[in-house]
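In this text, all values refer to a predicted model and were calculated from it rather than measured experimentally. Lettering follows sequence order; numbering is per chain, from 1.
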Amino acid sequence: MIKTPKPIRGTQDIFGAEAEAFAFVTATFERIRKLYRFRRVEMPVFEKTEVFSRSLGETTDVVSKEMYSFEDRGGESLTLRPEFTAGIARAYLTDGWKQYAPLKVATHGPLFRYERPQKGRYRQFHQIDAEVIGAAEPQADVELLVMADHLLRELGIADGVTLQLNTLGDGESRENWRAALVEYFRAHRDELSEDSQDRLERNPLRILDSKDPRDKPFTADAPRIDDYLSDAAKDFFAQVTEGLDAAGVAWERNPALVRGLDYYRHTAFEFVTDRLGAQGTVLGGGRYDGLMESLGGAATPAVGWAAGIERLAMLVEELGEPVPDIIVVVEDDAMRADGVGLTAAMRRAGLASELIATGSARKRYDKAVKQNAKAILALTAGDDGAMQHRLRIDGGDEAAIDAVLKGYSPN
RNA sequence: GCGAUCAUAGCUCAGCUGGUUAGAGCGCCGGUUUGUGGUACCGGAGGUCACGGGUUCGAACCCCGUUGGUCGCCCCA
């Protein structure tokens, strides 16, 4: 007995209406990205593990248990890409893309993270991604945010979604704020949740967005980044918010919105919905001026965002699958060749067509009716054996169909 | 890694407190109607009740374990 292999945990086979929604997201993204003049890039699906581990630092669970890593036959550690940014940063350095700076690039495709699947989170998932590399100005942040907002509008999901915005300041501001947070939380250490006590050592900024109610009273009164921002950092953030206002993009300040990794500076943002359970972030990103150096490159300012295609697709209105323009029904097997010929002719004329010529001859018309076609063409043989057809129009393009019929010579 | 919850036909699900041959709808296949119209009716195929133990005269149902799905925690680049 042969056992059918099962799919890998956390992978998905996307089909039908869901696949249509998925394709709608990527097609819309491609259209928008061209409007904003972002250049398309295609990136490898795997890289040397260092590409990701260096950029992430050694701190978190992320490297130790969240990456899909393996050794190749030469004993080199490789990792399936868990994000686009690190690979694009690597390419910027190894391929000399500095010559194109400031460089606006966009891509989409599969990513891999070794996690327990839950709603809107999979081990193989898919993202769209946009990055601006080599631009230190807040205008780059604004352009990305306006583009993201535009995309969500075009997808028809902007209504339930809000843009949450924060600044982490420049390197110095961020360090001072972080030190103040550690000092503050350390004073309340014993009253924090176990998880947050742990975070105090590993990733103190993350205490701010803890879900544990025991932490809430302390996070509310925690030191705020605003009190630690340098004048330059304040000015940078002000230019971002002014730009958003000028472009008519609504935003709200979320001082608890943080990034755990050290290379993030200045702007951090997430577009959030309450329609997806625990996984409310629909699109997120920020400025990562410190990343290039961790990969051995020169200091290079950069900012970008990514969004999960599956999550976006879940929010998109049910599109349904497209209905055929015409179905050709062979009601008499003697007309099979004409069915094939006419269907081919319909398709060449740009009409989405289906041929029904199998199974019980009497039931073929029923099958056609059930597909909600805009037109049904039934083929039968006359007494003389010549092809006869009957056409039922239900919203279809009768002129186009007639033109195909007139131009067709029966077999 | 941790927790909750679920698993019956290809799909969606019923199945009483443990009781004899496990059901429906949809889908699939065949038949009836030979019709300018059909979304109907009849029939058929299809099940190791996730898997492995246990309790019992008897288990889809109760107990234990395993596997898998879902949702959440941790993490979220």
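- Put simply, the side chain of Arg259(A) and the base of A77(B) share no donor and acceptor less than 3.5 Å apart.
- Closest approach to the Tyr264(A) side chain among G38(B), C75(B), A77(B) is made by A77(B) (side chain taken as heavy atoms from C-beta onward).
- Taking the six-membered ring where the residue is Trp, the centroids of His150(A) and Tyr36(A) are separated by under 6.0 Å.
- For C75(B), one of the phosphate oxygens OP1 or OP2 lies less than 4.0 angstrom from a side-chain nitrogen or oxygen of Arg199(A).
- Partners of Ala89(A) by side-chain contact (heavy atoms from CB on, under 4.5 Å), not counting sequence neighbours, listed by chain and number: Leu291(A), Met292(A), Leu295(A).
- Taking only side-chain nitrogens and oxygens, Arg392(A) comes nearer than 4.0 Å to OP1 or OP2 of G38(B).
- Scanning for salt bridge (charged side-chain N to carboxylate O under 4.0 Å, His left out) contacts around Asp226(A) gives Arg253(A), with sequence neighbours left out.
- Contacts of Tyr365(A) classified as ring-ring contact (aromatic ring centres under 6.0 Å, His included), with partners at least two apart in sequence or in another chain: none.
- For the side-chain contact (heavy atoms from CB on, under 4.5 Å) test, residues two or more places apart in sequence or in another chain that qualify with Lys374(A) are Val323(A), Asp325(A).
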Both atom distances under 3.5 Å, Watson-Crick or G-U wobble: I'd like the secondary structure of RNA chain B as a dot-bracket string, with | for pairs made across strands. (((((((..((((.....[...)))).(((((.......))))).....(((((..]....))))))))))))....

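- For the pair Thr358(A) and Glu270(A), nearest-nucleotide mapping onto RNA chain B gives the more 5' position to Thr358(A).
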Are there any protein N/O atoms within less than 3.5 Å of an N/O atom in nucleotides 24-27 of chain B, and if so, which ones and at what distance?
none

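- Closest to the side chain of Tyr365(A), from the set G38(B), C75(B), C76(B), is G38(B).
- Nucleotides A24(B) and U66(B) place their P atoms 37 Å apart, quoted to the nearest Å.
- On the C1' atoms, A60(B) is 12 Å away from A14(B), given to the nearest whole Å.
- Both Thr85(A) and Asp212(A) lie near RNA chain B, and the one whose nearest nucleotide falls closer to the 5' end is Asp212(A).
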Can you check each nucleotide of nucleotides 67-72 of chain B against protein heavy atoms at under 4.0 Å and return B for base, S for sugar-phosphate only, - for none, in 5' to 3' order? -SS-SB

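- Remark: Glu194(A) engages Arg214(A) in a salt bridge (charged side-chain N to carboxylate O under 4.0 Å, His left out) (not counting sequence neighbours).
- Applying the 4.0 Å criterion to OP1 and OP2 of C74(B), one finds that Asn203(A) has every side-chain N and O outside that range.
- Only the C1' atoms considered, C11(B) is 7 Å distant from G27(B), to the nearest whole Å.
- Between A59(B) and U55(B), the two P atoms lie 11 Å apart (nearest whole Å).
- Rounding to whole angstrom units, CE of residue Met67(A) and C1' of A77(B) are separated by 10 Å.
- By the ring-ring contact (aromatic ring centres under 6.0 Å, His included) test, Phe112(A) pairs with no residue at all, sequence neighbours left out.
- Using a 4.5 Å heavy-atom cutoff, the side chains of Arg123(A) and Ile8(A) are not in contact.
- Whole-Å rounding puts the Leu379(A) CG to G35(B) P distance at 19 Å.
- Going from the C1' atom of C62(B) to that of C49(B) covers 16 Å, rounded to whole Å.
- Distances shown here put every side-chain N or O of Ser360(A) at or beyond 4.0 Å from the OP1 or OP2 atom of C29(B).
- Listed by chain and number, the residues in a side-chain contact (heavy atoms from CB on, under 4.5 Å) with Ala373(A) are Pro324(A), Ile327(A), Ile376(A) (sequence neighbours excluded).
- Under the side-chain contact (heavy atoms from CB on, under 4.5 Å) criterion, Arg364(A) pairs with Val329(A), Val330(A), Asp333(A), Ile356(A), Ala361(A), sequence neighbours left out.
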Could you walk me through whether Met43(A) and Arg81(A) pass the side chain to side chain contact (heavy atoms under 4.5 Å, CB included) check? CA-CA 10 Å; Met43(A) 303 305 300; Arg81(A) 64 184 181 196; 3.9 Å; yes

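- The same atom, P, is picked in G46(B) and in A9(B); the two are 15 Å apart, to the nearest Å.
- Only the P atoms considered, G19(B) is 44 Å distant from C74(B), to the nearest whole Å.
- Sorted by first and then second residue, the pairs that involve residues 252-289 of chain A and meet ring pair (Phe, Tyr, Trp, His ring centres under 6.0 Å), not counting sequence neighbours, are Phe236(A)-His266(A).
- Shown are Thr241(A), Val303(A), Val240(A), Thr167(A); of these, the side chain to side chain contact (heavy atoms under 4.5 Å, CB included) with Thr267(A) is made only by Val240(A).
- Between the P atoms of G69(B) and U8(B), the separation comes to 14 Å (whole Å).
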